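Everything on this sheet refers to the single structure shown next.
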Amino acid sequence: MNELLHYVADTHAWIYYLLDILPKKADEAFKNAERGEAIMYVPTIVLAERIYLAERGRISLNYDELFSRFGIAENFVDIPLTLEIVREATRVPLRELHDRLIVATAKLLGAVLITKDKEIRASGLVRTLWE
């Protein structure tokens with residue numbers, strides 16, 4: 001049996017997934033999770049950031065949609081913000097706190113981070129996927 005691939009979705013990835021506008025490789029990673037062929041970790045900070053963006057009027061938000069994918073496949077796993085993640089984030093040299101927490105999560109899980117963020121992708125801190 002093949003070992004499942006492990007991914008972490010950042011905020012853009014989660015939003016684009018829900019809107020069905022991901023680029024091909026990122027979309028395939030999410031589809032693999034839907035089929036049970038991969039694990040898609042979603043840090044709770046990603047969900048909180050989406051709520052924050054909606055409250056600031058930058059995106060619209062349907063709460064049912066925000067949480068809906070966790071019910072369709074067991075391979076979508078929420079990752080709570082823990083002391084270990086916060087501690088690891090102190091060692092992540094990025095500007096944005098949300099990004100540091102998401103990258104720290106991917107590092108600790110040994111997962112590929114699905115991200116549009118150019119700073120994260122250029123940093124080499126974790127393996128990334130977007131195209």
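Throughout, numbering of the chain's residues begins at 1 and tracks the sequence. Model, not experiment: these values are computed from the prediction.
Summarising the local packing, CD of Glu96 is surrounded by 12 or fewer heavy atoms from other residues, nucleotides or ligands at distances under 6.0 Å. Heavy-atom contacts from other residues, nucleotides or ligands closer than 6.0 Å to CZ of Arg87 number 12 or fewer. In this structure, Glu84 places its CD atom where only 12 or fewer heavy-atom neighbours from other residues, nucleotides or ligands lie under 6.0 Å away.
Closest non-hydrogen pair, Pro80 versus Thr44, comes out as CA-OG1, 3.5 Å. The shortest heavy-atom contact between Ala89 and Ala104 is N-CB, 3.6 Å. Here the closest heavy-atom approach between residue Leu101 and residue Ile85 is recorded as O-CG2, 3.7 Å. Among all heavy-atom pairs drawn from Ile120 and Leu113, the shortest one is CG2-CD2, 3.7 Å. Shown here for Ala9 and Pro43, the closest heavy-atom pair between the two residues is O-CD, 3.4 Å. Of all the heavy atoms in Ala33 and Asn75, the pair that sits closest is O-CB, 3.4 Å.
In this structure, Asp27 pairs ionically with Lys31, as a charged nitrogen and a carboxylate oxygen lie closer than 4.0 Å.
A heavy-atom distance below 4.5 Å is not found between the side chains of Tyr16 and Phe30. By the 4.5 Å heavy-atom criterion applied to side chains, Val42 and Trp14 are counted as neighbours. Inter-residue side-chain proximity for His12 and Asp117 is flagged as unmet; no heavy-atom pair is nearer than 4.5 Å. Proximity of Val92 to Ser123: side-chain heavy atoms (C-beta onward) are nowhere separated by under 4.5 Å. Side-chain contact between Ile114 and Met40 is present, with at least one heavy-atom pair separated by less than 4.5 Å. At a threshold of 4.5 Å between non-hydrogen side-chain atoms, the residues Arg121 and Lys118 count as touching. For the pair Leu18/Arg50, a side-chain contact is recorded, criterion being any heavy-atom separation below 4.5 Å from C-beta on.
No chain of hydrophobic side-chain contacts below 4.5 Å, direct or via other Ile, Leu, Val, Met, Phe, Trp or Tyr residues, connects Leu97 to Leu83.
Evaluated for a ring-ring contact (aromatic ring centres under 6.0 Å, His included) with Phe76, the options Tyr7, Tyr17, Tyr41 yield exactly one hit, Tyr17. Screening Thr128, Val126, Leu108 for a side-chain contact (heavy atoms from CB on, under 4.5 Å) involving Val103 leaves a single residue, Val126.
Remark: Arg100 CZ to Arg91 CZ distance equals 11.5 Å, nearest 0.5 Å. Atoms CG and CG, from Asp10 and Asp99 in turn, are 7.0 Å apart once rounded to the nearest 0.5 Å.
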